[in-house]
Structure formats: C-alpha cells, structure tokens
Amino acid sequence: MPRITLPDGSAKEFAQPVSALAVAESIGSRLAQAAVGAKVDGQLADLSTMLDRDCTLSIVTEQTRDKRPDPDALFLLRHSTAHVMAEAIQRVVPGAQLVYGPPLDTGFYYDIAFPEDRPLKEGDFEAIEAEMAKIVREDRPFTRYELPVDEGLAKLRSEGSKYKIDNAERAIAASTAGTAVAHNAVRLSWYATGEPGKNWEDLCRGPHVPSTGRIGAFKIMSLASSYWHGDETSDRLTRVYGTAFFSKKELDEYLHRLDEAKKRDHRVLGKQLRLFHIDDTVGQGLILWTPRGSIVRKELQNFIAAELKKQGYTEVFTPHIGSLELYKTSGHFPYYKDSQFAPIIERNTLDTLCAEGCSCAEMIHRVEGVSARLAAGINERTGAETITPDRVLPDDRLIEGFMLKPMNCPHHAKIFASSPHSYRDMPVRLAEFGTVYRWEQSGELNGMTRVRGFTQDDAHLFCTEEQIPAEVQGCLSLVKIIFATLGMTDYRVRVGLRDPDSNKYTGSKESWDKAEAACLAAAESLGVPFSREPGEAAFYGPKIDFVVKDVIGREWQLGTVQVDYNMGNRFDLSYIGPDNKPHRPVVIHRAPFGSMERFCGVLIEHFAGAFPLWLSPEQIRVLPISEKSLDYARSVQYKLASAGLRSSLDESNERVQAKIKHGSEMKVPYLLVVGPRDAESGTVSVRAFGIEKDLGAMPVDEFVTAAAEEYRNRGASTVAARFQ
RNA sequence: GCCGCUGUAGCUCAGUGGUAGAGCGCACCCUUGGUAAGGGUGAGGUCACGGGUUCAAGUCCCGUCAGCGGCUCCA
C-alpha cells in the first residue's frame, strides 16, 4: 500500500506497487508524455521504477516549470545517448570493448578500448552518428533487468570483457562496503536498448530515459585518450566525447556558444590583439610580452603596487637564480626536482667531473648531497630527521650549483634574516613581482595559463602568531578589491585544511587549529561562497585559494594565501619578543593574482579582449575623415598625449567606415572621428567600443578631461556614460 | 610524460602523387570621403624539420619538433 508524496506536498495512495510512470499518468496524460524519469526520495530513477513502499516522488520532465532545460533530464538523456553511441561504435568498429560511459555537465563520454589494428578516427564520426540516428529512429525502449551477483558475474565472464567484470566487482564492493548487505544479496543491473537478449545491452546502474526516441539531437564532439582507472601504468583507452539535447535548437545554441567561447580564448585574442607571443625558438611555455600586452601587465602591476603601499608592504628585488644550498635549506631541492629546471653546474666543475669519469648516478647523488652542518641545523630546528643521513656528504664531495628559482620565498627569507627584528616592527611585509620557473610537463602547457616561467605578484608576511588573523584578513581584502575593480565576480574560494588522519604536517596542533580558524573566519568575512577542503592544506600550513573559470569551463587557480610554520625553522628566522628572547616568525605567502601570465590570460577572456580604458593598450584612436583633417587630428592626439592618454592616429588612405571597422576589431575603447566640421568647432565625434553608433560631438578639451578622469578612476565614471 | 588530431604566405585557411592558391594584412598608385570593409597594382613560400618510397611528394611511409583536445601531474 504505497503512499506517494508529490512535490506539492499532496499524497496519493495505491493498493499495490505502481510504476512512476503510472503515477504520472494518474496526475495527467500530458505530464506522463513529458516525463523522462523520476526522482524517488531524491534519487534519480527510471520512469518504469516500481514503487512498492512509501516515498516521495517527483517526475522529471524535459523542462522545468520556468521552461528551462532540467539538469536531471539532461543527465538521463546524455547517459542514454552514451549507450546509443556505444552501440553505434560497436557496429562501426567490431571488437571495441566498452569500459565506462558517464554523463557530464555538458555532455557525456564513453571510454572504449579499441582493437590495436583499428583505432577510432575522427573520420569515423559520420558513420557512427548515422548509426546513432538509426537507433534513435527505431525508438527502442531502455529496458532494465537484474541478475543476482553470481549469475551476473558468470554472464560477464562468459562475455569476456575484463572491463565490465571489473565494473561489476567495483559496484559490488561499493554496495557491500561498510553495510550489512551480504555479497549474494547484491543484484547487478543491465540496460538493453530494446528487448533483453535480442537487442544491444550494457551493464549499467542506470537510470535512463524511457526510449531512444527521446534523444532529440546529439553530436560526437571529440576524441581523447585516458587511462583505465586514471592510472597511467594501466591500459590506455580512447575517450569519445559527445553531447545531446532534447531539441536540435538547443544543440545548435550550445554549439554556437562554444564557437563564441572560442573567439574569447586568450590564445586567439592574444594573437589578434597582439598582446603576447610564444616562440618555439625561445622555448615552450615562455611568454614574450609584446608592447601591447606589456601595457596591460604594467597597469595591473601599478594598480596592485599602489594597493600594497596602502597596506604597509615594502618592495624588494631579487635575482632569478639562487644557489642549490638555498633550496636545500628551503626544502625545494631535490624534493620537487621533477617540476624544476635542472640545476646549473659551473662549467669547470663539470669538466673536472668528466675527466674523473664520474657517473651520472654519482653526480646526481653529489649534487643532491647536503653538508653535515646544514643537515644537523635543519634536523634540529625542524625537530625531525628532515635530512636523512644518506644525503649527508663530506664537504669536498659536494657539488655546488645554482637553480632557476621555483619560488621567491627563500630569497625573501634571506632578506628578512639579513637584519635583526623586534616584535615591535612585525609584521615585515616583503613584496616583489618575482619571476619563477617551473618545469611543467609538456602536455600541460597552455597559452598564458600554464607556463614554465611566470611572474608572481608575490609577498611574504613575516608575522607573530597573534598577527596571523589580521594579516590573512588583509590579504583577502586585497584580493577582494582587485576582483571587484576588474568586475570579476564569478570566482570561488577553497580553504585547504589538514587531513585529520595524516601526520605529514609540520607545526603544533594548537598552531594549526588557530591558523585554520583564522583562514575560515577570513573566508567567511569575504561574503563569497567558499568550500572547506580537508587534506588540501600544504604540509606547512592551511591555505586559501581563489579559483576562476575560463570561457571553456576549465578552472584556474589564481590568487592564493598560505600560512607557513615551516620556513621559519628551515631558515632559522627569528625576532626578539617582549620577553627579550628570540621567537620564530610565521610566514604568510600570498599572491592575489597568482601569476601575471595566468591572470592576464584569464582577464583577456573575462573582457573578451575589450579591456576597460585604464587597461587598454590603445585607449583612443583618432580617425581623420580625410587627409585634409590630418593636422587637426594631430592636434587632438597631442592633447590626449599631454593628458597622459595612450592614443594612435589612423593615417591610412581609407574611408572613415573602414577606419571604424579596424578600430573596432582592435577593440579600442574610444574612436574619435574628426573632420572639417570638428576642426571648425573644436570638437571630436565620439564612438565607444560596444556601442555601434556615433555618440555625438564633444569639445576636445572636455573629452580629454573626461577620458583622463575615466583612466584615473579605473572606470568608475566613463566618457560614454555622458552621452546617455 | 602518455594517447589522438593538426602543422601550407604575417593572420585565417583551400589544395585530387604531376607548374604553390584565396581572403585579410603589408607596400605603392588612384580616390579626399562624416560613422562597421572604395578601386587598382605588387611584394611576400625551405608547404614545421629530418629521412624514406616514387620517374615525380605539400600530398604516401617513418622519425623529430611544435600547437590543439584530453589523461596523469601541479610546492
């Protein structure tokens, strides 16, 4: 006698078990027609699910009440389309073994092991889509059936797919783990596209839409590779990406959005607007800032430098390399050697080693070696065997060298240590636009967002433990000012906390508790959503990260604030406290932009290349109607330059229509059309980027003053607004 | 690093084993114009690089490098 509670709070009682579809029908035939699935007690389920006990039920339809696509419905649809695609692929490529095919936010994929002699090619897409279209036209129902574990496993073994057997074993383990469910009580489920035994089927937990005919529009998007279980030593699989919608119109809109996103891609715009260049001969992942891009970067740096001044930071400069001993002290070398450029060893040393017949292995051992003194000091101060005895070598065996710096903190620690400090002058805030180098894997490199050399807007705050909350707070408010000025509101915040079950962390439990509380309180006061991420802390302290999405939906970590209990010990840093005794400072690492490269990359996409006036490389372009107005145009440009504005003059032999088009293509904020009429009256005719019309004439001096004001206040007031 | 795809003029891209192409941009000439492309002429190429097959390779094969899409990684 199931009693079924509906979303509006009303309830229906049935004399015997009833399918979700039947309930929908009892509510209305139109609902039943629109239905693609059900939610039973909040769990997504098939429409055919039999309800045999009291539950809450909502019917999932293609659209929500406000006519928007229902995410649950799309989830079902895409999961089902993945099945249809898998069936089609197995028709086109016999012998393809299915592994795993889940839905995603924007579509779905299916990981498939193809026969070695018959890999899938993009050229196969057409044939596969044609097969898929047939299956959709046949409108075959997705039919679920279940088998007890042993019978199910036997079936899979007879079919011989190790991937599906593995999936089943994992499903069984998942449903018995930590529960009282007995192994043989578990049932495995299959979905046949049509009639079990006659039509194609797949081991699958479901749920699915009722039939293939519900799939309105689909497209195979791309091929990629993946590893079985994400393990790079395991089988290599081919991942086929696709997407599906209920209507062709929605699919077209989605594809159009993707196209638009591509046009905002910072790699495309960077070329088009001549902002930066990456040159093979210079090296992968190394950004050359062209004159235009350099202006954007410089404006951002000026902006942040001014904010730092307000917050009591002092600026420092440090070189791009440091000795290996520095990084042995900090702990960067050799623990992170896989993500660093190789050490720089002096030429004569190498020659001598070669002459001695020193082997590579021996050389590495000697380069990574540590003197007894340094090892003893670090071990004592960190209170652990941080440097193991096998790394300790006699001084005459050590090979010294240098390293491109992977981080700025060791240099800053040495600046702090270079003079004595009293608790009275804490915190010490050292800031530097410091360039660091990291050996990112070649496959990871991406435009400006993942590079091998980048400049952090870095700073290290050396403070007392009591000062941590206020300093963390200060860092976050800085990030907030920056993001607000740039209009970046769509970011999320992650607070990385320690893993309660691990003891890899340095620093006392009490210190951690306080620092984590400070980070959480600071994050809370920001007024934006944040997540707690246990286990995501650095080993030396908790951290707060700012994450922004790019136009293609990839997330990039930008700013970061990290509390560090380790560095003080490593570098034997101290300040004299009120008790006249030395104390260890805590160090806060922080970089609100993260790196200038990545930040600018994300910023290009954020503005779609149309920078606000203050950031724009070319703020104003003067367009004379003809050569006859050139002299007047030059006088206008002179006034702009005198007011500190960046402008250019279009002297080309084109008509003004063409000049406007070219200026718009370069996304110049203001175009000033000047002709005989303007020369006569001392005006300029203004066009603002994004407003596709002549705003009207304005006296030159008035424009110059207003534009200079817009520049100075970073867009708080605009010239364009004066015309509205 | 791994898998797949791609690499042709400064940019975007056509190109069927048989003479290297287009549009934009650039230079010059004509045009002197009022709000999103006026007209003409011309320059510009190691078809990523190296090897191979072939009478003949931008095109087919192998390798290398780079870019892209993913996977793995990211102090």
Side-chain angles (χ1 to χ4, degrees), chain A residues 109 111 113-114 119-125 221-241 262 265 267-268 271-274 277-285 327 330-333 335-340 406-410 436 438-447 450-452 496 537-541 543 545 552 554 556-557 560 562 564 566-567 589 623-630 652-665 671-679 684-687 689 691-697:
Chain A
Y109 68 79
D111 277 348
F114 284 93
L120 194 70
K121 306 267 179 189
E122 276 174 21
D124 294 320
F125 288 2
M221 303 297 291
S222 63
L223 280 183
S225 86
S226 63
Y227 303 110
W228 195 26
H229 301 155
D231 173 2
E232 65 179 304
T233 62
S234 189
D235 295 11
R236 234 180 305 285
L237 308 170
T238 302
R239 179 167 293 184
V240 191
Y241 281 88
K262 242 185 232 165
D265 190 317
R267 293 164 299 190
V268 175
K271 212 173 257 178
Q272 191 187 320
L273 303 177
R274 303 199 305 271
H277 175 64
I278 300 171
D279 193 282
D280 287 357
T281 310
V282 173
Q284 288 180 275
Y327 299 104
S330 70
H332 291 113
F333 185 81
Y335 295 105
Y336 299 111
K337 66 179 167 191
D338 288 346
S339 45
Q340 287 164 177
M407 291 188 112
N408 299 305
C409 38
V436 298
R438 300 184 189 177
W439 187 259
E440 301 288 352
Q441 295 185 42
S442 63
E444 286 307 332
L445 298 173
N446 181 287
R450 191 82 185 253
V451 293
R452 284 184 174 162
F539 71 90
Y540 49 74
K543 61 176 184 177
D545 290 333
I552 316 168
R554 286 175 301 203
W556 296 102
Q557 185 193 309
T560 180
Q562 305 182 0
D564 186 345
N566 184 50
M567 200 158 91
H589 309 245
L623 316 181
I625 293 285
S626 76
E627 268 174 38
K628 291 174 184 160
S629 303
L630 250 181
S652 67
N653 223 345
E654 290 290 347
R655 291 169 53 184
V656 72
Q657 286 89 334
K659 293 181 181 180
I660 287 170
K661 181 166 194 296
H662 296 148
S664 304
E665 276 170 352
L671 301 178
L672 303 182
V673 176
V674 296
R677 290 207 300 266
D678 296 288
V684 291
S685 299
V686 183
R687 273 185 82 108
F689 183 83
I691 306 174
E692 291 184 10
K693 61 172 187 192
D694 178 9
L695 291 174

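Chain identifiers are assigned alphabetically (A, B, ...) following the order of the sequence lines, protein sequences preceding nucleic acid strands; residue numbering begins at 1 within each chain. None of these values were measured; they are calculated from a predicted model.
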Any strand counts, and the cut-off is 3.5 Å on both contacts for Watson-Crick or G-U wobble. Which nucleotide pairs with [N]?
N: B/A27; answer: B/U41
N: B/G34; answer: none
N: B/C2; answer: B/G70
N: B/U12; answer: B/A22
N: B/C47; answer: none
N: B/A56; answer: none
N: B/C65; answer: B/G7

Say we look at [N] and [M]: how far apart would their [atom1] atoms be, to the nearest angstrom?
N: B/U12; M: B/G7; atom1: P; answer: 13 Å
N: B/C62; M: B/G21; atom1: C1'; answer: 29 Å
N: B/G40; M: B/A36; atom1: C1'; answer: 23 Å
N: B/C5; M: B/G45; atom1: P; answer: 32 Å
N: B/A43; M: B/C28; atom1: C1'; answer: 10 Å
N: B/C61; M: B/C24; atom1: P; answer: 35 Å
N: B/G42; M: B/G25; atom1: C1'; answer: 14 Å
N: B/A48; M: B/U32; atom1: P; answer: 45 Å

Query raised in the report: For B/A75, does either OP1 or OP2 sit under 4.0 Å from a side-chain N or O belonging to A/His589?
Result: no
Query raised in the report: Given B/C68, is OP1 or OP2 found less than 4.0 Å from the side-chain N or O atoms of A/Arg267?
Result: yes
Output the rounded distance in Å from [atom1] ([X]) to [atom2] ([N]).
X: A/Gln340; N: B/C74; atom1: CD; atom2: P; answer: 14 Å
X: A/Tyr109; N: B/G69; atom1: OH; atom2: C1'; answer: 15 Å
X: A/Asn653; N: B/C30; atom1: CG; atom2: P; answer: 9 Å
X: A/Lys262; N: B/U12; atom1: NZ; atom2: C1'; answer: 13 Å
X: A/Asp279; N: B/G10; atom1: CG; atom2: P; answer: 13 Å
X: A/Leu445; N: B/C65; atom1: CG; atom2: C1'; answer: 14 Å
X: A/Phe539; N: B/C74; atom1: CZ; atom2: P; answer: 14 Å
X: A/Glu665; N: B/A37; atom1: CD; atom2: C1'; answer: 8 Å

With sugar-phosphate meaning primed atoms plus P, OP1 and OP2, does [X] contact a base, only sugar-phosphate, or nothing at under 4.0 Å between heavy atoms?
X: A/Arg655; result: base
X: A/Tyr540; result: sugar-phosphate
X: A/Glu654; result: base
X: A/Asn446; result: sugar-phosphate
X: A/Val656; result: sugar-phosphate
X: A/Ala658; result: sugar-phosphate
X: A/Tyr241; result: sugar-phosphate
X: A/Gln657; result: sugar-phosphate
X: A/Asp694; result: base
X: A/Lys271; result: sugar-phosphate

What's the closest nucleotide to the [X] side chain, out of [options]?
X: A/Tyr336; options: B/U35, B/A75, B/U32; answer: B/A75
X: A/Asp280; options: B/U32, B/A66, B/G34; answer: B/A66
X: A/Val673; options: B/G33, B/U35, B/G69; answer: B/U35

Requested in this report: May I ask you to verify whether the side chain of A/Ser222 and the base of B/G69 hold a donor-acceptor pair under 3.5 Å?
Outcome: no
So do [Y] and [X] actually touch side chain to side chain, heavy atoms under 4.5 Å?
X: A/Lys337; Y: A/Pro406; value: no
X: A/His332; Y: A/Cys409; value: yes
X: A/Glu627; Y: A/Asn653; value: yes
X: A/His589; Y: A/Tyr540; value: yes
X: A/Val686; Y: A/Leu672; value: yes

Taking N or O atoms only and anything under 3.5 Å, show me the protein contacts with nucleotides 1-8 of chain B, one pair per line.
| from | atom 1 | to | atom 2 | distance (Å) |
| --- | --- | --- | --- | --- |
| B/G1 | OP2 | A/Ser442 | OG | 2.4 |
| B/G1 | N9 | A/Gln441 | OE1 | 3.3 |
| B/G1 | N7 | A/Gln441 | OE1 | 3.3 |
| B/G1 | N7 | A/Gly443 | N | 3.3 |
| B/G1 | N2 | A/Tyr227 | OH | 2.8 |
| B/C2 | O2' | A/Arg236 | NE | 3.3 |
| B/C2 | O2' | A/Arg236 | NH1 | 2.5 |
| B/C2 | O2 | A/Tyr227 | OH | 3.1 |
| B/C3 | O2 | A/Ser225 | OG | 2.9 |
| B/C5 | OP1 | A/Lys121 | NZ | 2.9 |

Roughly how far, to the nearest 0.5 Å, is the [atom2] atom of [Y] from the [atom1] atom of [X]?
X: A/Arg236; Y: A/Ser226; atom1: CZ; atom2: OG; answer: 10.0 Å
X: A/Glu654; Y: A/Lys661; atom1: CD; atom2: NZ; answer: 11.0 Å
X: A/Leu237; Y: A/Trp228; atom1: CG; atom2: CH2; answer: 8.5 Å
X: A/Ser339; Y: A/Glu440; atom1: OG; atom2: CD; answer: 7.0 Å
X: A/Asp124; Y: A/Phe114; atom1: CG; atom2: CZ; answer: 8.0 Å
X: A/Gln284; Y: A/Ile278; atom1: CD; atom2: CD1; answer: 9.5 Å

Query - Of A/Lys628 and A/His662, the one whose closest RNA chain B nucleotide lies more 5' - result: A/His662
